[in-house]
Structures are given as C-alpha cells and as structure tokens.
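Side-chain atoms are counted along with the backbone in the values below, which use heavy atoms only and exclude waters and symmetry mates.
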Amino acid sequence: MSNVISQSMSHTTNGLLFAGWNQDQGCFACGMENGFRIYNCDPLKEKERQDFEDGGLGYVEMLFRCNYLALVGGGPRPKYPENKVIIWDDLKKEKVTELEFDGPVRSVKLKRDRIIVILDKVIRIFNFTRIPQELHQIQTAPNPRGLCALSPTTTNSVLAYPGVEVGHVNLVDLSDMMEKPMVDISAHEAALSCIALNLQGTQLATASEKGTLIRVYDTQTHERLLELRRGAANASIYCINFNQDSTLLCVSSDHGTIHVFSEDPTRNRTSSLSKARGILPKYFSSNWSFTKFQIPAGIHCICAFGNDKKSVIAICADGSYYKYSFDNKGESHIDTCCKFLQMTDE
C-alpha cells in the first residue's frame, strides 16, 4: 500500500497493524490488533480509541474528521473478514453497513458521496448511503499494494489508479464517468510503487519501484510539470504528500530518509555540472531535494506537512512520532520525538 503503514511492513510487536492519514493529513488513524485509534497530527493528541476484544483491523480509512470510518479486518485475529468493508459510525459506536467481495480488500478511499474499494484487479465504486449502490467497476493491472488516490474536494472528483500497462496511471472524473473519457499517463517504465494527489486534485505525483524519480503531472492538461530526483540508488517509496498549497512535496522511503522538494526548481539542489545539460547524462541536470531528514533506525514511516509551512510530521511503524522543522536554507532539526501508542486521550 502507498502512503500508509500496513501490517505486511510494520514487523513490530506493539500491536500496530496499520497507520494512514485522513484526507488533509490533519489526523491519522491506526489499526491495532485489538481495535483502532485516531490521533490529531499537530499538535499530537489521541482523539479516539475503540477497543475490540475479538480481533484486529488491517485498514482504517477516515473521512476528514467526521464520525464515519471504513474498516477492514487484519492481523492474526481479524475482527472482520478481509474481503469485507465495514462502514462504522463512531458516534453511535456501531456498524452502519458492510460490503462483501470475492477477494481481499487492498485499500479503501472515502469521499462524502462515494466509497471506493480497491481489489487485486478491479476498483469498485459505490454511492455513500446507508445501503450503498454500486455505480461503476474499473479494471486495473494487478494491484496488490492497493494503489489509488482520490481528490477529496467537492469541486474536483478525479480518481487516479494504476493503468493496465506497466508504469501507467489512469485518471477518471467520478462526477461524469460516462461523458468524460479516461486519461492514460505513461508515468514510468517500471511498475508503480506510489501515487498521490494534492488536496485540490489538480496535481498527481508518481514513483516507480525503482524509487529514484518522483514525477508530477497536471491532472487537467496531463502534462508533466516536474521531475524530482530522490537519489541514485533504488529505493522503495513509502509515502508522497503535498503541502496545503502544493508548493512542497515530502517523500519517505526504505532508506530511512524523508526528502522535501520545492515545486520551484530554483529552491532545489542541482549538480554543479547541471549547466552541461544535453552533453552529460540526464542525472547531472536533476532537481534534488533542498532538505532531508534521517529517521532513526530507518524504520518504515509515512510523512506529511505540519500546520506551519516549514515542518514535516513522520509516523513510524515502531510507534514513533517525529516533527521536523526546516528553514529557507534547508537547515533542519527535530522539534518533537515521542511514542504515540503510549499516549492517552487525557
């Protein structure tokens, strides 16, 4: 899965099976071996805790900060079958409805009027009502990571997902799938590992399994806006997120680093040989991150921007929370370091 910590990657004994952001990265949800927890990101605070005696959750999808959640069972004793999506009303502390499928659910996305369920080779789209009705099915390439990105705004209903061709991303407009054709973007030569949309749904960021390049596209014109280099060595990209006004991106990987890029190329680092563009290999003209942070022990983490424009939050599989700050020169330091699983709501 992209932009989340999943049970297959956590490898910890703290009971954490899943962690993922809500739509504006103001909160994150955790699936545990015995329920779920909801946290405010910045400042860090536990907002909600639901314990289940009879099993765990491998996926928890929030809808901004409202009382509805999508739950999927997981862990050694799943609370629900892994081929079901449970819509949970946390105000009433009860299940509202459930959706059952032929195979395991890889991920779920929520919009105020839509439930998007990602399976191995198909995406199924339902209206968000007490008795959801299926509206569309979309065939995809094999998608065991559950890659999918959905614009949460009411003014833009773009959905991004892996195309049938390797390295391609498809875009559809959920508000008018009958009239507006699907758009196919050839993003990478290798298979996709991560895709993300900005909050407005106007920009798409992609990474392949090589993990060396991040590419950014305009979802309206479908043109490539930026190509950003994370590094020279291959890496598994865990997470990509835009800041609120889409001027910055943060990227985490299995190299134990979080890179921050600017959408203004003049702020990013370049090689001293970049002026020899067209003579030397493309590598030497790359845009590199203007700052980066090292995660202690290189643990799996997801990242997003804090409330102010010069901070990044990291949520890690070992239960660690880090807040990093940086300045215009790219100098950075750790502001906060703590264990969020040990917090209470008091």
- Query: Taking only residues at least two apart or on different chains, which pairs with a member in residues 72-81 satisfy side chain to side chain donor-acceptor pair (under 3.5 Å)?
  - Reply: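 Only Asp54-Lys79 qualify under side chain to side chain donor-acceptor pair (under 3.5 Å).
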- Item | Residue pairs, two or more places apart or on separate chains, that pass side chain to side chain donor-acceptor pair (under 3.5 Å) and touch residues 169-180 | Asn170-Asp184, Asp173-Ser175, Asp173-Lys180
- Query: So, for Tyr321 and Phe340, is the gap between ring centers shorter than 6.0 Å?
  - Reply: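 No: the rings miss the under 6.0 Å criterion.
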- Taking the six-membered ring where the residue is Trp, are the ring centres of Tyr238 and His300 under 6.0 Å apart?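 Yes, ring centres under 6.0 Å apart.
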Sequence neighbours left out, what passes salt bridge (charged side-chain N to carboxylate O under 4.0 Å, His left out) with [X]? Give chain and number order.
X	result
Lys329	none
Arg124	Glu134
Asp264	none
Lys292	none

- Message: Would Ser320 and Ile299 count as a side-chain contact (heavy atoms from CB on, under 4.5 Å) here? Give the steps.
- Response: CA-CA 9 Å; Ser320 297; Ile299 197 75; 5.8 Å; no
Compile the donor-acceptor pairs under 3.5 Å between side chains in residues 330-337 and protein atoms, sequence neighbours left out, one pair per line.
{"residue": "His333", "atom": "NE2", "partner": "Asp335", "partner atom": "OD1", "Å": "2.8"}
{"residue": "Asp335", "atom": "OD2", "partner": "Ser325", "partner atom": "OG", "Å": "2.2"}

- Cluster companions of Ile125 among Ile, Leu, Val, Met, Phe, Trp, Tyr (side-chain spacing under 4.5 Å): Ile116, Ile118, Ile123, Ile138, Leu150, Leu159, Tyr161, Val172, Leu174, Met177, Met182
- According to the ring-ring contact (aromatic ring centres under 6.0 Å, His included) rule, which pairs have a member within residues 127-151, sequence neighbours left out?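 Every pair satisfying ring-ring contact (aromatic ring centres under 6.0 Å, His included) with a residue in residues 127-151: Tyr68-Phe128.
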- Task: Taking side-chain contact (heavy atoms from CB on, under 4.5 Å) as the test, write out the residues that go with Lys309, two or more places apart.
- Result: Asp245
- Query: Taking all non-hydrogen atoms of both residues, which atom of Asn40 and which atom of Lys47 are closest, and how far apart?
  - Reply: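 So the minimum-distance heavy-atom pair works out to N-CG, 3.6 Å.
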- Task: Return the minimal non-hydrogen interatomic distance between Gly103 and Leu119, and the atom names on each side.
- Result: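 Closest approach of Gly103 to Leu119, heavy atoms only: O-CD2, 4.1 Å.
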- Message: Can you tell me if Asp327 has over 12 outside heavy atoms packed within less than 6.0 Å of its CG?
- Response: yes
- Evaluation steps, side-chain contact (heavy atoms from CB on, under 4.5 Å), between Val216 and Glu263: CA-CA 9 Å; Val216 180; Glu263 293 215 2; 4.2 Å; yes
- Please name all residues satisfying ring-ring contact (aromatic ring centres under 6.0 Å, His included) with Phe52, sequence neighbours left out, ordered by chain then number.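 Phe52 satisfies ring-ring contact (aromatic ring centres under 6.0 Å, His included) with Trp88 only.
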- Task: For Phe290, check ring-ring contact (aromatic ring centres under 6.0 Å, His included) against everything at least two apart and list the hits.
- Result: Phe326
- Task: Starting from the C-alpha separation in whole Å, work towards a yes-or-no answer on side-chain contact (heavy atoms from CB on, under 4.5 Å) for Leu197 and Thr219.
- Result: CA-CA 9 Å; Leu197 289 166; Thr219 62; 3.9 Å; yes
